[in-house]
Amino acid sequence: MNLSKSILYTVLSVSILTVPVVSGCSNKAASSGEQKKETSSKDNELKSQVKEMEASLENLQNSLQDKNESKVKEYGKRLNKQWLTYENNIREKYPLLYTDTEKYLLPLYAEVTKDKLNSSKVQQLSVDLSRSFKNLRNAKESTQKTNKVLDSAVKKYQKYVNEQTGELVKSTKSFTDAVRANNTPKAKEAYAEARVYYERIEPIAESFGDLDPKIDARENDVDGEWTGFHRIEKALWKDGSLKGMTRYANQLDQDVAELQEKIEKVKLNPTQIVAGSMELLNEAAISKVTGEEERYSHIDLVDLNSNVEGSQAVYHAVLPVLNEKNKDLAQDLDTEFNKITVLLNEHKNSGAYLNYEKLKKSQVRELSQQLNTLSESMAQTAEIFQ
Amino acid sequence: MKEQEDQTVDEQKEPNQYSRREMLKMSLLTGAGVAISMSGIGALTSMTNVFGETVKKSGSSSEKDIISFYGKHQAGIVTPQQTYTYLAAFDFTTSSKGDVIRLLKQWTLLAESMSQGKADHKYSNDWLPPKDTGEALDLPPSRLTLTFGFGPSFFSKKGIDRFGVKRKSPKHLKDIPLMPRDNLQEPFIGGDFCVQACAEDQQVAFHAIRNFIKSAVGKAEVRWMQSGFISAKHGKTPRNLFGFKDGTANADPKDSKAHEQIIWAGDEEPAWMNGGSYMAFRKIKMFLEVWDRSSLKDQEDTFGRKKESGAPYGKINEHDKVNPIQMPPDSHTAIAKRTGQQIYRRAYSYTDGVDPKTGYVDAGLLFISYQKNPAEQFIPMLKKMSKADKLNEYTQHIGSAMFAMPRGIKKGEYIGQPLFDSF
């Protein structure tokens, strides 16, 4: 956890923080199967429907500017009526965009039916909504098959995340046990193992507000008390004493358990997953390849590799859709993941990654450039949402 | 002394041409610049007809001007010098000729649209990163030029003909040999490929280089990049960071006959270089603090010219005929003059913050010159200057590269295409 993380966080347009609402929709979408007829005329129909809604939205925005509350309400209601008329058509063809639109339209409708409307809220929702409309207007039809495949991609990835979280809880326990037993060599070993599972699912963990800082903050990252992995890392590698660490070990167990509880309940959607895979690679590029994350233990390569593995899990999950949409990209990603794995393997000594400080500048640069190449391709994965 | 005599004889042969020749023979640090002094608005308009490359769009702001990307020669060489540059060298990381061609095609499209101030905004979906980075969106074309060249390592690296083009190697493309006082520092040495982006707006120039770097990911990586600037009041020769006029000696931008003699390679070269040129690059660190505490006399003795007027020793005006006998024999101008060679300069100044070792300002000159035969025109001149130039007390060469700049690009072609065509 560091400052750049929080920046990244806000920058990514589809942050993992957004309330997950999608997964229900693709089920609905999977129901009808014989939609091949008159695609182009249907597309035109959809376009004109979206245009009608865009016109209503524009009127709403203008009324908002004129502070004409009754007009805002009128257009808001009209918009909802239009949406109800057209939504079936849209849901079938563009399930992702459908939920993306509902996400903003439903609260907007709720707002305009209140006695006193919150105009700044309506303003924000209308901006988001116009963006969704624009996406809809430019959408290309995704096939029924794609929806099913995307749905199973989500399930597959969700399973991966649950497995990793389970391992995180276990390996954290081995680590904290060693800390409580004041066994420094064992604690050092267990530390590196536990980090693997956290770094693979980091973006998901980050989506639960204060849990990530509690578990993964580095010194000076937090205003309050500094807890978590890196607190104990410092005791192990810098202070050379585990005195007083039992408290942090207990807290860490508790926080990780809470994380698992939350992750089991979370519903992910495809855009979040893909955005998360980019967050992982960005993390690796900003704080791991620079040796900033593990400033005492210098096991940054362990983290870097785990970030890459976490991202690769997303790649594997969406591969069937990617194969359908852009085979070349799937092939490129395969090559790039292989290349970075091979490169990382070169920095191992009897099975363990080298201390970051042992790397030459040129080796760091090589890793950074390969990561850059991989990330550039990974960023194109969002093509599956077209 | 012998050189000096030769020079005098030589000059007497062609009394009528002396002013042009005088200007052309000037060299390295005092070289370039007539071109720049002409880049004012009035001059631009008058040049339009001669080159057919400057297209006035609207208004009188030179920022709105578009320099055509296509032509017999590449833009950005005899194009009147823009205020800002970003110069970058790339190394290809791919070993596939197909990848190289794909990238060159992509760069060609980018260069063509960016030089017209356009960007790729084709909409796909919101979850994808935008194609163009966007910082030049509301900015005019700003006379952006993009100029390309291939380094020696592109044709042969460690004896390997990497992309099957060795047989089409240009005649004179070699790394500049190490010079006596060189203190070359990685990464500013060589490179497989170079891009010179010049514009009247620094942000426009940077945007161009940035998008080149971005689109190269996975195929090529940027080896070094350097920004530069140069500025002068309309009609004046610009000054380098030592405060001396830096220019005066270039061929007139309109003098296409001189360009043929000095800049453009001819049919002695493989077809792709016929109409091309060689770019010599030197990054020259200038010790500003040391210079600034030298007496005016020392400074003028170093250049062999008056600081304020730019006049050579013994003369009154900047463009008066240079006579080496009238200046200290180790002065920059005297040495340059005696080499009897002509190059075409397009240098920029640079600043890189503070040198952490010394606390001095880290600054200097991005020496860029174009010539048709560097082995004859440039290398011997550099050798002489590296040995004897009084200016060496205040400068140090820290970067070096040579690139073969292909002929101009025709519509529908991609950069360097005839190099890859199989005949």
Side-chain angles (χ1 to χ4, degrees), chain A residues 11-15 18 94 96-97 100-101 128 130-140 142 269-278 282 285 318 325-326 328-329 332-333 335-336 339-340 361-362 365-366 368-386, chain B residues 88-103 105-107 109-110 120-135 137 153 157-158 184-193 209-225 356-357:
Chain A
V11 167
L12 280 166
S13 62
V14 189
S15 163
T18 49
Y94 310 104
L96 278 171
L97 297 171
D100 193 50
T101 309
D128 292 331
S130 76
R131 196 183 173 84
S132 303
F133 282 158
K134 190 177 155 214
N135 285 335
L136 262 179
R137 193 156 34 81
N138 290 289
K140 290 178 204 150
S142 52
N269 73 44
T271 52
Q272 288 175 323
I273 293 174
V274 169
S277 75
M278 282 311 293
N282 293 342
V318 302
K325 299 269 178 179
N326 188 341
D328 290 345
L329 179 60
D332 281 352
L333 278 165
T335 311
E336 301 307 339
K339 275 193 193 163
I340 197 149
K361 264 191 190 165
S362 60
R365 183 176 159 129
E366 192 183 12
S368 168
Q369 284 294 320
Q370 183 51 41
L371 203 50
N372 191 26
T373 305
L374 168 64
S375 308
E376 192 73 19
S377 296
M378 200 65 192
Q380 305 306 317
T381 311
E383 277 187 22
I384 62 177
F385 304 130
Q386 258 161 34
Chain B
F90 289 82
D91 284 336
F92 286 98
T93 49
T94 178
S95 50
S96 141
K97 183 174 173 176
D99 272 354
V100 172
I101 292 174
R102 265 187 291 282
L103 181 57
K105 282 181 177 167
Q106 201 181 345
W107 277 349
L109 291 175
L110 265 178
D120 187 353
H121 298 300
K122 217 169 65 195
Y123 179 87
S124 42
N125 84 44
D126 263 12
W127 289 288
L128 283 167
K131 283 196 175 140
D132 185 89
T133 56
E135 70 271 38
L137 272 182
S153 51
K157 195 173 183 179
K158 291 174 186 156
L184 304 186
Q185 287 158 16
E186 287 289 352
F188 289 92
I189 305 169
D192 291 344
F193 191 78
I209 283 288
R210 178 182 178 190
N211 282 275
F212 268 66
I213 295 173
K214 181 168 138 43
S215 54
V217 172
K219 299 189 183 83
E221 61 178 69
V222 62
R223 178 187 182 86
W224 52 262
M225 177 174 84
K357 260 196 232 156

Heavy-atom closest pair (A/Ala379 atom, B/Pro129 atom, distance to 0.1 Å) is O-CD, 3.3 Å
A/Ala382 and B/Leu128 have their tightest heavy-atom pair at CB-CD2, 3.6 Å
Between B/Lys219 and chain A, which part of the residue has a heavy atom less than 4.5 Å away: side chain, backbone, both or neither? neither
Between A/Glu383 and chain B, with a heavy-atom cut-off of 4.5 Å, which part of the residue counts as in contact: side chain, backbone, both or neither? both
How close do A/Thr373 and B/Val217 get, heavy atom to heavy atom, and via which atoms? CA-CG1, 3.3 Å
